[in-house]
2 protein chains.
Amino acid sequence: MKPETHLRGDGGLSSRTRGIAHHGSGGDSGHLRRLNLDRVLVVAMDRPDSFTRAELIEATGLSAPTVGTLVSHLIRSGVVRELGAGPSRGGRRPAFMEFNARHGFVAGIDLGPTRTRLSVADLRGEPLAHRIVPTPAGIGPEALLSRMAGAVRALMRDEAAPPEKLLAVAVGAPGVVDYDRGVVTLAPNLSGWTNVAVRDTLERALEAPVVVENDVNLAVIGEHWRGAARGHVTCVFLFVGTGIGAGVLIDGELHRGHHFMAGEIAVMCMGPQYLSVDFGSRGCLETLAGLQGLAARWPSGGRGDPVRWMAELFEAAQKGDRTAHQAVDETARLIGIAVANVGAVVDPSLIVLGGALFAQAEPLVHEVRKVVSSSSPRWARKRPSGAASSWPPARRAASSGCACAKRASRCEVVDRHG
Amino acid sequence: MKPETHLRGDGGLSSRTRGIAHHGSGGDSGHLRRLNLDRVLVVAMDRPDSFTRAELIEATGLSAPTVGTLVSHLIRSGVVRELGAGPSRGGRRPAFMEFNARHGFVAGIDLGPTRTRLSVADLRGEPLAHRIVPTPAGIGPEALLSRMAGAVRALMRDEAAPPEKLLAVAVGAPGVVDYDRGVVTLAPNLSGWTNVAVRDTLERALEAPVVVENDVNLAVIGEHWRGAARGHVTCVFLFVGTGIGAGVLIDGELHRGHHFMAGEIAVMCMGPQYLSVDFGSRGCLETLAGLQGLAARWPSGGRGDPVRWMAELFEAAQKGDRTAHQAVDETARLIGIAVANVGAVVDPSLIVLGGALFAQAEPLVHEVRKVVSSSSPRWARKRPSGAASSWPPARRAASSGCACAKRASRCEVVDRHG
DNA sequence: TCACTTTGGCAGGCAGTCTAAGGAAGTGTT
DNA sequence: AACACTTCCTTAGACTGCCTGCCAAAGTGA
């Protein structure tokens, strides 16, 4: 039996330490223990190779006996594997050990409007396998999810990973996600997705704890963990594609907002002249600067594959085509304003630009950068924010899913065998 | 001798629980202790009247013996006073006690461009005395601060509070404040204020721990604690006066940003048409919608006392004067856009509007509300954010200072006698 | 061979919590 | 008036977790 309850309560992305001893339930000495065990685990996971107890003592700042008992726990549970003695450095030979990344697995499911990315990773978050499938259309959310669950199981089989070793699943969805309840409240780009209980459905199908999160939120976690935003505890991932959205990381924690709509800048108003315009369900910024907006500025835009006509547009712009150039410029300016405004509100140390638009057009990124730096006041000259993510989206999706499941899996590991 | 070091490290507004046992420094069992003591204190402070041990046990969820020892500590230190036995409720008579709010005092100093508000409050944050003085002009920051220190000492004397009972001082400044170092980095509205070491200066003068914070940040803490935003852990205070700025509270914690510039929406760009305009050190939004912007739209604006001509303007608008009406409308629209955009990024449960502009003109607030609700997409209809703060600014300043010093004082109290 | 270093384990102590039991001081009922 | 019962608080004892101090193991270097 899996301790899902515990995970749901403690294991999500939100790692903020709660008040202690919530109701005398069994005391609270365990709190300390868990904290320190977590510390040891973090260090162990981050070591690419083997390590010794002495290194853990050094890295965690804990005392030798404490590390000793914690490590022996981890060894007993199988999360850490003993490797035998290593070469001496002038004294007793150290006992080497390594983090057993394959002690469990995590899966990521990134539901896109057209494509869905599936991935399975080890406990360190290293992707082992991934697959991109067209998002099935015409079937209900339940059927779709069950099909995806099947695909995850297949990936697990391919990696010779027994199903019960699936310790956590992260799901990203384009839209508003009620993280607490694991429900996709509304996803305009997935037809028929309103109040879909993704977590419950998938937990039944996969028998593993599931977290559901907005896709851009997952992206910012991924960028922070393994991507362009490493080391930037307060950062923003700004995505421009068909839709426009931002993921906001504050002090290393995801900021979701009161209605789980933080970063929904699709609706950002780009000036008083647009106040009387009704943009429908799509917001001002998204309508003006999203793929749709770009298409409206380019005669042959909007027809056929977006990737194709966008490539043509950018090529034409570079060759001096006035219309094309203007289309790119106007879009870049709007995005630049959005970036600057988000920057003014959040004041991150980095804003990462992602999405199809940036992946294809370095000039556009350049223009955005220019707007941002001109819009910041002289006395506030920040470091140039906005480095287009050079990270392949697929990889990003995979690892962000893993990042999402990271903490969850850690807790799981600890709890099941501790 | 005061344990200032401890306070500086642990007592600020940032109450996020840190990693434990940072380097074997004396062990870490004390951590638990402090946490639980804190819990008891919070409950005790929030009770308006007397209370018993049993109530604390109920409210904190701690065990009876734990509460017993913690309470006896507090009694010994003087933070809690015994009142004697109360009436029985069918059993042994309970021992009543009360929080001794006058066991210490906190002071707040709100440095404004024209006026500076000083206040002294008890440990519960209840204002005891406050004073508004014109901000001295023509003297350097050091001299100014020393004068303010003198005023605080005088207020303390008036309340018959011995100087050593001043446990914490909170300073608000209009501008960018390096909270970690207690330095006002830049305050355009206070002439000559660049890199002023406010904390060091005042700590020497007052011999009490000092925290320095952006004034709007203090305001949002105050609104959350005692004002319009009670219960709203994620909220924004948006100030419009000479300057424009916002304080952002996220999950009950102040969000300062990487450069301590979060919420500096004065520079928010209000549309592509403004990209080529150089607003100088004042940003786009502030220039267009601040007091200056309003003045530019109203012939007799900008001359004389702002309060006077603003009153005239609003009266004229209400009477049907086209120019006045348009000036108010345009300003309101811009502010509405700003509110909506901040809302989109942060997704708070409430945005509180504050500052001279709103205090005077209910119609303006109305218009802002209209813009906000029209700019939010249909499917995202939030609760109407933006309730103009009905809280007197003076009171707000005072209590925000106190709120700011709240945690600090708590730690101090605990530490000095614990 | 001997001193010294590095690594890891064990014993003992301390701090803080909890549960369990008990004392104190009432109310209510017979 | 005696008794049971309630409520409130304290004391006693056990548990958990951390730490320091000491010691054994197993090497290096002179």
Side-chain angles (χ1 to χ4, degrees), chain A residues 19-40 44 50-76 80 82-97 414 418, chain B residues 18-40 44 50-76 80 82-97 414-415 418:
Chain A
I20 229 167
H22 226 228
H23 198 85
S25 59
D28 106 7
S29 28
H31 185 252
L32 265 179
R33 188 81 195 255
R34 241 171 303 156
L35 236 58
N36 286 335
L37 192 52
D38 217 62
R39 256 162 95 134
V40 171
S50 57
F51 51 88
T52 71
R53 285 177 179 76
E55 280 175 54
L56 292 179
I57 292 164
E58 167 72 24
T60 58
L62 298 170
S63 74
T66 305
V67 169
T69 55
L70 293 179
V71 162
S72 70
H73 252 227
L74 291 176
I75 289 175
R76 263 200 302 281
V80 165
E82 292 183 281
L83 293 179
S88 163
R89 289 198 314 157
R92 173 174 173 173
R93 293 169 60 194
F96 272 99
M97 62 197 101
V414 171
Chain B
R18 250 150 339 158
I20 231 166
H22 228 230
H23 199 84
S25 59
D28 106 6
S29 28
H31 185 252
L32 262 180
R33 187 81 195 255
R34 243 172 301 155
L35 235 57
N36 286 336
L37 192 52
D38 217 62
R39 255 163 95 136
V40 171
S50 56
F51 50 88
T52 70
R53 285 176 180 77
E55 280 175 52
L56 293 180
I57 292 165
E58 167 71 26
T60 59
L62 298 170
S63 73
T66 305
V67 170
T69 55
L70 293 178
V71 163
S72 71
H73 252 227
L74 291 176
I75 290 174
R76 263 201 302 282
V80 165
E82 291 183 279
L83 293 180
S88 162
R89 289 199 313 155
R92 173 174 172 175
R93 292 168 61 195
F96 272 97
M97 63 196 102
V414 171
D415 218 50

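To find a chain, count down the sequence lines: A is the first, B the second, and so on, and within it residues start at 1.
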**Prompt:** Would you say B:Ser63 reaches C:dC18's phosphate, i.e. side-chain N/O to OP1/OP2 under 4.0 Å?
**Reply:** yes

**Request:** Taking only the side-chain nitrogens and oxygens of A:Thr66, find out if one of them lies under 4.0 Å from OP1 or OP2 of D:dG17.
**Result:** no

**Prompt:** B:Leu70 has an atom CG; how far is it from atom C1' of C:dA15, in whole Å?
**Reply:** 13 Å

**Item:** Atom-pair distance (CZ on A:Arg89; C1' on C:dT5), nearest Å
**Value:** 10 Å

**Prompt:** Between B:Leu70 and B:Leu62, does a side-chain contact (heavy atoms from CB on, under 4.5 Å) hold up when you go through it step by step?
**Reply:** CA-CA 10 Å; B:Leu70 293 178; B:Leu62 298 170; 4.3 Å; yes

**Prompt:** Tell me: CG of A:Asn36 to C1' of D:dT16, nearest whole Å?
**Reply:** 13 Å

**Item:** base_contact_polar (C:dT6 base, A:Arg92 side chain, donor-acceptor, <3.5 Å)
**Value:** no

**Message:** Do B:Phe96 and B:Pro87 make a side-chain contact, defined as non-hydrogen atoms from C-beta onward lying under 4.5 Å apart?
**Reply:** yes

**Prompt:** Tell me: CZ of A:Arg93 to C1' of D:dA26, nearest whole Å?
**Reply:** 8 Å

**Request:** Using a heavy-atom cut-off of under 4.0 Å over every strand shown, decide if B:Ala85 touches base, sugar-phosphate, or nothing.
**Result:** nothing

**Complete:** B:Glu82 atom CD is separated from D:dC8 atom P, nearest whole Å, by 17 Å

**Message:** Heavy atoms only, 4.0 Å cut-off, all strands: where does A:Pro65 land among base, sugar-phosphate and nothing?
**Reply:** base

**Asked** Taking the side chain as C-beta and beyond, is there a heavy-atom pair between B:Arg39 and B:Asn36 under 4.5 Å?
**Response** yes

**Presence of A:Thr69 side-chain N/O under 4.0 Å of D:dG17 phosphate oxygens OP1/OP2** = no

**Request:** Could you tell me whether A:Ala64 contacts a base, only the sugar-phosphate backbone, or nothing, with contacts defined as non-hydrogen atoms closer than 4.0 Å?
**Result:** nothing

**Message:** Tell me the interatomic distance from B:Leu35, atom CG, to C:dA15, atom P, rounded to whole angstroms.
**Reply:** 19 Å

**Request:** Tell me which of B:Pro94 and A:Gly90 sits closer to the 5' end of DNA chain D, going by the nucleotide each one is nearest to.
**Result:** B:Pro94

**Complete:** B:Ile75 CD1 to D:dC9 P, in whole Å, measures 10 Å

**Fill in**
Considering only heavy side-chain atoms of B:Thr52, the closest of C:dG26, D:dC9, D:dG17 is D:dC9

**Message:** Distance check needed: C:dG8 C1' versus A:Arg53 CZ, whole Å only.
**Reply:** 7 Å

**Prompt:** If you look at every heavy atom in A:Met97 and A:Glu82, which pair is closest and at what distance?
**Reply:** CB-CA, 4.1 Å

**Message:** Minimum heavy-atom separation for A:Gly90 and A:Ser88, please, with both atom names.
**Reply:** N-OG, 2.9 Å

